[in-house]
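Residue numbering restarts at 1 for every chain, and letters A, B, ... go by the order of the sequence lines. Here the structure is a predicted model, which is why all the values come from computation and not from measurement.
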Amino acid sequence: MAKTDFGPPDYRTMIPPVIAKNYGKWSYHEIPQPGVLKHVGESGDILYSVRIASARLISTDWIKELCDIADKYCGGYIRFTTRHNVEFLVSDENQLQPLLDDLKARGYLVGGTGNAISNVVHTQGWIHCHTPATDASGLVKAMMDELHGYFTTMKMPARVRLAVACCVNMCGACHCSDIAIVGIHRTIPRINHEGVAKACEVPSVIAACPTGAIRPNPKLKSVEVNKEKCMFCGNCYTMCPSMEIADPVNDGVSIWVGGKVSNARTAPKFSRLAIPFLPNNPPRWPEVTDAVKHLVEVYAANARAGERMGEWIDRVGWERFFKLTGIPFTEKHIDDFTFSPTTFRSTSQFRL
Amino acid sequence: MAKTDFGPPDYRTMIPPVIAKNYGKWSYHEIPQPGVLKHVGESGDILYSVRIASARLISTDWIKELCDIADKYCGGYIRFTTRHNVEFLVSDENQLQPLLDDLKARGYLVGGTGNAISNVVHTQGWIHCHTPATDASGLVKAMMDELHGYFTTMKMPARVRLAVACCVNMCGACHCSDIAIVGIHRTIPRINHEGVAKACEVPSVIAACPTGAIRPNPKLKSVEVNKEKCMFCGNCYTMCPSMEIADPVNDGVSIWVGGKVSNARTAPKFSRLAIPFLPNNPPRWPEVTDAVKHLVEVYAANARAGERMGEWIDRVGWERFFKLTGIPFTEKHIDDFTFSPTTFRSTSQFRL
Amino acid sequence: MTDSKTPRLDELEKGAWPSFVTEIKKAAAKKANSQDLLDQLELSYKDKIGYWKHGGIVGVKGYGGGVIGRYSAKADQFPNVKEFHTLRVNMVPGFFYTTEALRGLCETWDKFGSGLTNMHGSTGDLVLLGTTTENLQPCFDELAEKGWDLGGSGGGLRTPSGCVGMARCEFACIDSMDFIQEVTRHFQDAIHRPAWPYKFKIKCSGCANDCAAATARSDFAVIGTWCDTLKIDQNAVREYVKGGFNIDALVVGKCPTKALEYDSAKQELKFDAENCVRCMNCIDMMPKAIKTGKDRGAAILIGGKAPVVKSAFIGWVLVPFMKVDAPYAEIFDLITRITEYFDEHAKSRERIGELIYRVGMGNFLKGVGLTPQPQMVSAPRANPYIFWQDEEVVKHG
Amino acid sequence: MTDSKTPRLDELEKGAWPSFVTEIKKAAAKKANSQDLLDQLELSYKDKIGYWKHGGIVGVKGYGGGVIGRYSAKADQFPNVKEFHTLRVNMVPGFFYTTEALRGLCETWDKFGSGLTNMHGSTGDLVLLGTTTENLQPCFDELAEKGWDLGGSGGGLRTPSGCVGMARCEFACIDSMDFIQEVTRHFQDAIHRPAWPYKFKIKCSGCANDCAAATARSDFAVIGTWCDTLKIDQNAVREYVKGGFNIDALVVGKCPTKALEYDSAKQELKFDAENCVRCMNCIDMMPKAIKTGKDRGAAILIGGKAPVVKSAFIGWVLVPFMKVDAPYAEIFDLITRITEYFDEHAKSRERIGELIYRVGMGNFLKGVGLTPQPQMVSAPRANPYIFWQDEEVVKHG
Ligand code: SRM
Ligand code: SRM
Ligand code: SRM
Ligand code: SRM
Ligand code: SF4
Ligand code: SF4
Ligand code: SF4
Ligand code: SF4
Ligand code: SF4
Ligand code: SF4
Ligand code: SF4
Ligand code: SF4
């Protein structure tokens with residue numbers, strides 16, 4: 001029997017000496033250039049962290065390459081960020097420039113700090129999940145090829161956080177991101193009654209439906225879907241493989257904006273619907289990348305310094321957002337789920 | 001057969017000449033003293049409106065007295081306000097002071113303008129309704145006896161709107177008032193099964209319950225109330241007289257604060273729970289009048305000029321409101337109805 | 001004092017505020033039913049409970065509404081309020097009265113009723129408080145003779161009401177009184193013969209100050225506003241400032257969208273028209289210096305109501321801006337479409353706001369022929385539960 | 001080029017951003033399953049649909065979680081991904097690694113799996129992407145030998161994760177890495193043998209910047225903060241201002257409660273401690289001049305989650321302030337009470353936020369032994385639907 005329940009490796013064995021020494025005693029930081037953080041300890045010690053972009057879906061080969069670099073410049077220590085970037089931890093200032101040169105030579109993108117577009121939190125999609133309405137890795141790659149210039153610089157009004165989820169389960173940060181891309185279905189599940197009867201627990205399937213669109217079909221020991229009430233979330237399919245919902249022709253992508261996670265200045269915010277649907281056009285999803293680029297550019301042109309996307313929109317109003325972006329406002333933008341009345345405008349205050 | 005469907009009297013036959021002449025052509029107004037509005041027309045014409053408090057529940061005798069006064073000083077015209085006050089419309093400046101003197105002599109209260117506590121929008125209560133949990137007129141009288149000094153002056157930070165409703169139907173403005181007093185029940189309806197069977201439409205009764213607490217009792221052709229789910233709203237009683245809910249011992253009064261109606265500066269706001277329960281102590285409800293007075297005074301002492309009660313609370317935070325007023329915060333203050341999650345605090349931003 | 005039959009209510013004759021008890025006593029001096037009302041009320045004050053029963057259906061010929069039936073639960077003790085119905089008399093729009101009209105009303109009410117009234121009910125009606133079933137018809141007949149019609153009750157249109165507006169207010173962007181008068185006349189049938197699933201209220205305020213509490217208290221709120229820009233008289237601004245008025249604290253600092261800035265060097269109030277949301281505050285504070293725009297109309301908000309059953313709602317923007325000029329054809333047409341939709345789709349005792357919540361705003365808009373606009377929401381949806389229609393997707397497979 | 005079997009995916013090797021396709025190809029050069037993954041993915045790109053089936057229950061001995069079973073729907077075409085399960089390996093708290101540790105991991109994964117990983121999954125795990133049922137156990141055995149344990153999946157505690165905190169951040173008010181490590185160890189059983197109605201996530205950020213996205217993405221969010229006041233070094237403030245930093249636009253104007261004011265005459269940043277809501281912005285903007293308070297702990301927020309079923313929630317304040325110091329007895333006790341309540345009361349697939357919504361916050365607080373506090377709400381209830389308990393009312397009649 002193997003060892004079990006010993007927990008994660010002890011972080012104390014994984015941190016470089018400069019961190020062990022200055023742990024909890026850092027004094028301040030600066031960002032001397034995009035992708036480079038300079039942390040200064042109360043002791044006067046200095047740590048440079050050099051951040052590079054990662055595809056997140058990576059090979060052991062690449063990890064080993066990273067290790068080689070870390071051995072050379074960082075005493076054999078490396079870390080990843082909560083957004084899947086890689087950080088090289090440089091305690092010897094003399095190693096900083098050589099490292100940067102080396103990374104450049106390898107074509108790595110150094111950036112993601114400060115007022116940049118950092119890496120995209122994303123999910124499995126067609127790589128590994130059973131419920132996707134789109135792919136995630138491909139969307140990220142296509143988008144970031146367009147936007148990498150904002151990763152390697154810090155010229156946004158504030159940080160911009162992108163996220164991609166391949167279905168409305170939103171594994172990741174989509175519900176609170178500056179810009180989120182979410183795969184959606186648009187047609188109702190196709191019920192294989194035999195399959196349901198054989199393998200699915202009917203009450204759980206019924207309970208899984210957010211809008212109560214599923215009723216039992218006792219005759220077939222199966223279920224029926226009320227077309228009027230189904231909004232294609234796919235949650236029933238998660239519970240029951242015999243309710244397939246993926247539809248290559250009608251699945252696609254929706255775009256959400258203005259969310260944030262931090263409590264800095266304003267409370268965390270939900271991302272809200274900007275574009276209800278764009279087609280799945282792999283491998284490069286040109287409609288999606290164009291739309292995201294456009295959103296980023298309208299934001300950059302209009303927001304004030306230090307203003308996150310959602311903070312900008314709150315200042316100018318959603319009515320101005322739709323005007324400035326040229327995105328049509330439709331009935332789909334108006335909430336019709338449980339808390340909808342709290343999103344309706346209860347004042348005559350608005351811009352015409 | 002009587003005349004029918006001729007509609008309200010034509011307002012054109014009811015307005016004084018100065019209004020007919022300056023209709024839609026007023027230029028500006030001033031409030032030369034509490035209770036006196038001075039409207040100046042583009043024509044240069046001047047109209048004084050002198051506002052007095054009314055009990056709202058009034059006798060024809062008093063109306064006739066008002067008519068006498070209006071005949072004497074106002075050419076036979078009079079109006080009422082949307083908050084039940086009476087306005088004497090003086091187009092002859094020379095009549096203003098004599099009118100004010102006369103009103104004073106009669107003991108009438110002149111006021112309710114500008115940053116005052118105006119009249120209390122209220123309801124029927126024990127006077128005429130079948131669903132009250134308290135009386136309305138009595139509460140208003142008891143409160144305003146304490147607060148009339150704020151009616152006849154303009155020393156509040158902003159206008160303060162009070163409302164009283166004798167049950168949660170809130171006939172009136174309670175749900176959007178600076179301070180609202182609402183009668184509440186606290187025990188479940190007492191079902192007279194025979195009566196239900198005879199006179200009540202069971203499906204409508206069930207549908208009337210906001211929390212789904214009522215289920216049919218087919219045996220008795222009646223209903224049952226699930227004690228756990230009933231929150232004593234009395235809506236079932238409205239539908240069915242055989243579900244009496246009034247309870248002399250446990251009925252009482254709740255106090256709500258921070259609502260507003262206007263769109264000036266901030267959007268309209270709901271009133272929110274301050275004090276879940278105070279006993280029904282007629283004829284003078286001392287606990288209620290004390291509490292309202294206290295709320296008014298804490299507000300007056302802390303709000304900035306031009307700040308409505310709810311605007312003040314929004315600026316300092318509810319946590320500060322409860323601290324400043326000394327009102328205990330309980331689980332009853334936390335919403336548990338449909339939109340409750342939207343009232344939970346979704347940020348680490350708060351005062352400790 | 002000690003032998004007063006109403007020691008509790010007597011307490012409410014003390015104090016500075018006008019006393020409703022005194023009013024009841026005045027009526028009681030002339031009317032037995034008002035005396036019984038007083039005595040029953042005293043009992044309520046003693047027992048801490050109301051003594052009125054559910055109303056039965058009573059009314060006047062040809063009408064289904066306008067009367068609230070009321071019966072005493074203590075008719076044995078207080079026989080004169082055995083029946084004690086109220087008549088909701090349609091007030092004059094704007095609550096203006098000649099003394100002649102009021103005296104006529106009093107005369108009739110002294111004849112047939114209790115001599116007690118509410119001036120006014122919180123919907124706006126002139127409430128005649130207490131008469132018998134028998135007296136309803138003759139009372140109404142005489143009222144009608146004098147030009148008083150009934151207001152609303154039950155599942156229909158309720159008596160529309162509005163602010164004083166152009167009659168006495170420089171802020172009025174629409175003629176709220178005239179509109180209320182005309183809308184009442186136009187939809188009278190729906191008031192007098194209530195046939196909808198539940199009540200429906202229309203209120204109108206001449207500007208965003210909303211002195212009629214329309215947004216909070218009516219299903220269909222008409223709020224006057226403008227679609228050009230407000231007008232600033234810089235000289236008049238200077239006068240205010242010279243007079244010691246704290247323009248920064250009371251105007252600039254309170255503008256919800258920071259559309260104003262006072263340049264104290266230039267002594268000029270700078271205004272960012274694009275960001276003005278027409279909240280009225282700067283105009284309220286400086287009525288001599290700032291005026292509403294000239295191209296005027298109204299915003300329509302739908303769904304305002306009290307808590308029963310689904311929660312209180314403050315009205316939601318339905319039409320960001322529309323003209324509201326006599327003869328009001330466009331807005332009457334809108335009301336017709338909405339009330340027809342309401343009549344057809346609402347469940348019994350479901351307000352329009354609750355109906356919209358249930359069917360979804362998008363479906364409602366389609367149903368009444370309106371286009372979605374961003375002004376309707378404070379923010380777009382946050383959940384991904386979007387409906388797609390057959391015609392929007394490709395049929396295949 | 002033209003005879004590439006993956007013309008679509010090849011397109012994703014172009015461009016500046018690191019290519020996951022290149023990564024798959026690297027692995028494919030060594031591993032048949034990665035080659036089949038590549039080819040199946042190409043087919044998905046062609047057909048615009050995913051080709052993975054629902055996972056069956058697979059795992060390693062003694063554990064109920066940590067493995068996501070996955071089977072190809074095109075196993076006939078791509079036999080090497082017929083089974084393609086992922087292992088969720090518990091990352092190092094803070095995502096720090098020695099190259100030695102990583103190399104050891106790669107070695108094992110090259111031996112038993114696809115040679116592909118996610119560094120990291122969005123919960124935080126080190127995701128080993130794709131192996132067979134047969135290889136799961138030996139792979140885990142070897143991982144365990146090297147000190148790698150599994151993370152969470154299914155209805156239990158998910159791998160806790162946090163920000164870098166004290167290891168490299170001057171803002172950290174609590175030791176997020178250490179807390180995450182200890183909470184993972186303390187509640188390992190709930191991770192490895194999931195037995196709750198649904199997933200439960202714990203995340204920790206050292207301050208309100210929330211770099212771990214804890215509030216939005218975890219059921220139980222621990223957010224470092226302080227309960228005394230922040231510290232301002234006025235000299236350092238002056239340095240910023242001298243350097244051209246726009247203190248009014250970026251700091252004073254952005255303070256959510258207007259607790260800051262810059263007196264440019266005195267060159268002093270005035271601070272209204274009572275109104276600071278510890279949002280971090282002024283500290284973020286001027287890290288050399290403003291520091292967090294010294295009496296530190298955390299706010300706990302409950303219920304954060306994605307949209308399924310009842311809507312996405314951003315965590316709600318549950319404990320406004322508590323100390324979070326090793327050995328963490330108080331907070332572990334709180335987590336125990338909450339997860340026990342969750343286990344007992346939640347329906348299948350009901351997150352704690354949804355459970356609280358269903359039973360009501362008041363009942364939940366009672367259930368877990370916490371006291372209501374105004375910090376828990378952005379505003380008190382607006383509806384009058386208040387529950388009263390038997391013991392609060394008088395029995396009579
Ligand atoms: C490394 C990392 C923590 C980790 O444990 O991995 C991190 C590190 C730092 N964060 Fe962060 N944040 C990290 C993810 C986040 C996240 C989470 C996310 O993006 O998913 C957030 C919440 C984002 C959101 O609101 O949607 C986040 C919100 C912040 C903020 C507040 C941002 C704002 O709204 O103003 C600050 C303050 C600042 O930068 O001024 C901050 C500040 C910082 C500082 C300056 C803290 C410090 O003194 O060391 C660090 C460098 C920031 C930079 O890159 O410019 N960090 N930070 C994460 C890097 C992710 C990446 O690769 O890009
Ligand atoms: C008389 C009046 C109170 C007053 O003293 O002023 C009143 C009295 C009653 N209201 Fe009301 N409502 C009155 C204005 C209102 C208002 C205010 C308004 O119209 O601006 C509201 C809040 C706004 C709204 O409509 O939502 C109001 C919200 C209710 C409700 C709750 C409706 C809801 O959707 O939440 C009920 C309950 C019901 O309909 O079952 C209700 C029901 C009642 C009933 C009919 C009681 C019942 O359940 O049958 C009361 C009859 C009392 C009686 O015996 O005379 N009354 N009621 C007001 C009408 C007088 C008039 O015509 O001018
Ligand atoms: C007479 C009346 C209209 C009517 O048709 O009867 C009226 C008349 C005026 N209102 Fe009003 N309001 C009247 C009820 C209201 C209401 C409704 C209510 O109280 O139920 C509101 C909404 C209150 C709320 O938000 O809860 C209301 C909110 C305002 C406001 C905005 C207040 C604010 O939030 O800042 C103004 C603007 C101002 O005063 O600066 C306003 C301004 C005015 C002006 C100055 C308009 C004008 O230029 O003539 C009038 C004199 C105000 C005063 O008394 O100081 N009036 N006003 C109502 C008098 C009621 C009373 O007897 O007290
Ligand atoms: C692998 C991962 C995405 C990724 O590529 O990073 C993932 C993948 C899946 N998630 Fe997730 N979730 C992952 C992080 C998340 C997160 C983010 C987080 O934890 O910070 C969320 C949002 C936060 C939350 O928990 O609410 C998330 C919200 C969901 C949901 C919706 C839950 C909800 O209450 O709304 C589901 C649906 C479900 O449980 O049925 C779900 C379900 C799934 C399933 C198990 C699909 C399913 O229905 O059974 C996916 C398996 C994919 C596969 O084949 O590998 N996953 N999932 C993440 C876990 C890796 C790791 O352990 O590090
Ligand atoms: S977002 Fe949906 S499709 Fe993507 S990994 Fe999560 S559950 Fe799977
Ligand atoms: S797809 Fe979603 S809405 Fe449609 S039936 Fe399934 S669970 Fe219900
Ligand atoms: S608030 Fe309730 S008790 Fe009072 S009049 Fe309205 S319905 Fe009757
Ligand atoms: S009082 Fe209200 S909550 Fe209780 S059973 Fe009646 S309708 Fe339902
Ligand atoms: S709502 Fe506007 S127009 Fe009407 S009375 Fe009030 S301030 Fe004047
Ligand atoms: S009307 Fe309101 S929004 Fe417009 S400028 Fe004046 S204060 Fe600002
Ligand atoms: S959450 Fe705070 S403590 Fe943690 S890394 Fe971010 S800024 Fe530093
Ligand atoms: S931490 Fe935030 S709330 Fe506190 S003073 Fe700084 S900016 Fe203001």
Side-chain angles (χ1 to χ4, degrees), chain B residues 167-168 170 174-175 182 184 186-187 190 210-211 227-228 230-233 247-250 254 256-259 269-274 276-277 313-323 329-352, chain D residues 207-208 210 215-216 221 223-227 256-258 274-279 298-299 301-304 310-311 313-317 320-321 353 356-357 359-363 365-366 371-388 390 392-397:
Chain B
C167 85
V168 302
M170 294 195 194
C174 283
H175 62 297
V182 178
I184 56 163
R186 297 190 302 156
T187 46
R190 302 173 299 276
T211 49
K227 212 166 159 290
E228 301 300 305
C230 172
M231 43 64 194
F232 328 107
C233 69
D247 172 342
V249 180
N250 290 306
S254 57
W256 306 73
V257 301
K269 296 180 204 297
F270 287 119
S271 318
R272 295 181 177 275
L273 184 62
F277 182 76
I313 298 174
D314 280 354
R315 176 171 59 80
V316 304
W318 284 97
E319 56 276 32
R320 183 67 48 81
F321 168 82
F322 283 98
K323 205 178 264 181
F329 184 86
T330 69
E331 77 288 351
K332 300 193 165 46
H333 292 89
I334 308 181
D335 194 359
D336 46 17
F337 197 49
T338 316
F339 306 119
S340 56
T342 66
T343 71
F344 299 161
R345 194 183 303 246
S346 304
T347 171
S348 64
Q349 289 188 11
F350 47 80
R351 289 150 181 101
L352 277 169
Chain D
C207 78
D210 198 359
T215 312
I223 306 292
T225 189
W226 60 94
C227 68
T257 48
K258 302 199 168 50
E274 209 183 21
N275 277 313
C276 172
V277 292
R278 297 155 287 113
C279 84
L301 290 89
I302 190 98
K310 293 252 173 263
S311 276
F313 295 140
I314 298 171
W316 309 314
V317 175
F321 186 82
I356 294 172
Y357 177 33
V359 302
M361 181 65 88
N363 289 329
L365 293 176
K366 235 172 276 169
T371 328
Q373 290 184 253
Q375 286 82 1
M376 293 172 175
V377 299
S378 53
R381 73 183 320 132
N383 64 70
Y385 297 165
I386 307 171
F387 288 95
W388 293 90
D390 278 349
E392 295 175 304
V393 297
V394 181
K395 273 222 171 71
H396 68 104

>> With a 3.5 Å distance limit and no angle check, can you tell me whether Q349(B) reaches the backbone of C279(D) through a side-chain donor-acceptor pair?
In response: no
> So, does R186(B) use its side chain to make a donor-acceptor pair with the main chain of D247(B) at under 3.5 Å?
Replying inline: no
> Which atoms of A379(D) come close to chain B, meaning under 4.5 Å heavy atom to heavy atom: side chain ones, backbone ones, both, or neither?
Replying inline: both
> Given a strict heavy-atom distance threshold of 4.5 Å, which part of T338(B) is in contact with chain D: side chain, backbone, both, or neither?
Replying inline: both
>> Among P384(D), G360(D), S311(D), which residue has the highest count of heavy-atom pairs closer than 4.5 Å to chain B?
In response: P384(D)
> Side chain, backbone, both or neither: which part of C174(B) has a non-hydrogen atom closer than 4.5 Å to chain D?
Replying inline: neither
> Which one, T215(D), I223(D), N383(D), I314(D), leads in non-hydrogen pairs under 4.5 Å with chain B?
Replying inline: N383(D)
> If every non-hydrogen atom of W388(D) is compared with every non-hydrogen atom of P276(B), which pair is closest and at what distance?
Replying inline: CZ2-O, 3.7 Å
>> I'd like to check P374(D) versus K323(B) (side-chain heavy atoms, cut-off strictly below 4.5 Å). Are they in contact?
In response: no
> Checking heavy atoms, do the side chain of L365(D), its backbone, both or neither come under 4.5 Å from chain B?
Replying inline: side chain
>> Please classify the contact of T330(B) with chain D as side chain, backbone, both or neither, using a heavy-atom distance under 4.5 Å.
In response: backbone
> Can any side-chain N or O of T257(D) pair as donor or acceptor with the backbone N or O of N275(D) at less than 3.5 Å?
Replying inline: yes
>> I'd like to know whether S378(D) forms a side-chain contact (heavy atoms from CB on, under 4.5 Å) with F344(B), so could you lay out the CA-CA distance, the side-chain angles of the two residues, the decisive distance to 0.1 Å, and finally the verdict.
In response: CA-CA 6 Å; S378(D) 53; F344(B) 299 161; over 6 Å; no
> Considering only heavy atoms, which portion of F270(B) lies under 4.5 Å from any heavy atom of chain D: side chain, backbone, both, or neither?
Replying inline: side chain
> T225(D), L301(D), I356(D): which one forms the most heavy-atom pairs within less than 4.5 Å of chain B?
Replying inline: L301(D)
> Is Y357(D) reaching over with its side chain to a backbone N or O of D336(B), donor-acceptor style, under 3.5 angstrom?
Replying inline: no
>> Under a 4.5 Å cutoff for heavy-atom pairs, which residue among V182(B), V257(B), L273(B) has the most contacts with chain D?
In response: L273(B)
> What part of K269(B) gets closer than 4.5 Å to chain D, counting heavy atoms only: side chain, backbone, both or neither?
Replying inline: neither
> Looking at L352(B), V168(B), T187(B), which has the largest count of heavy-atom pairs under 4.5 Å with chain D?
Replying inline: L352(B)
> What part of D210(D) gets closer than 4.5 Å to chain B, counting heavy atoms only: side chain, backbone, both or neither?
Replying inline: neither
>> Looking at chain D, which one of P341(B), S340(B), S254(B) has the largest number of heavy-atom pairs inside 4.5 Å, strictly under?
In response: P341(B)
> Above 12 or not: heavy atoms from other molecules or residues under 6.0 Å from NZ of K310(D)?
Replying inline: no
> Among T347(B), D314(B), I334(B), which has the most heavy-atom pairs under 4.5 Å with chain D?
Replying inline: I334(B)
> For the candidates R381(D), K258(D), H396(D), E392(D), which exhibits the highest count of non-hydrogen atom pairs separated by less than 4.5 Å from chain B?
Replying inline: R381(D)
> Is it the backbone or the side chain of T343(B) that comes under 4.5 Å from a heavy atom of chain D, or both, or neither?
Replying inline: both
>> I'd like to know which of A221(D), G353(D), G362(D), A382(D) tops the heavy-atom pair count under 4.5 Å against chain B.
In response: A382(D)
> Is chain D contacted by the side chain of R320(B), its backbone, both, or neither, given a heavy-atom distance below 4.5 Å?
Replying inline: side chain
> Is any side-chain heavy atom of I184(B) less than 4.5 Å from a side-chain heavy atom of F232(B)?
Replying inline: no
> Can a cation-pi geometry be assigned to R278(D) and F350(B), taking NZ or CZ under 6.0 Å from the six-membered ring centre and within 45° of the ring axis?
Replying inline: yes
>> Could you check whether any side-chain heavy atom of P256(D) comes within less than 4.5 Å of a side-chain heavy atom of V277(D), counting everything from C-beta outward?
In response: yes
> Taking the six-membered ring for Trp, are H333(B) and F329(B) parallel (under 30°), tilted (30 to 60°) or perpendicular (over 60°)?
Replying inline: parallel
>> Can you tell me which of M376(D), E274(D), M361(D), Q373(D) forms the most heavy-atom pairs within a distance under 4.5 Å of chain B?
In response: E274(D)
>> So for F313(D), is it side chain, backbone, both, or neither that comes closer than 4.5 Å to the heavy atoms of chain B?
In response: side chain
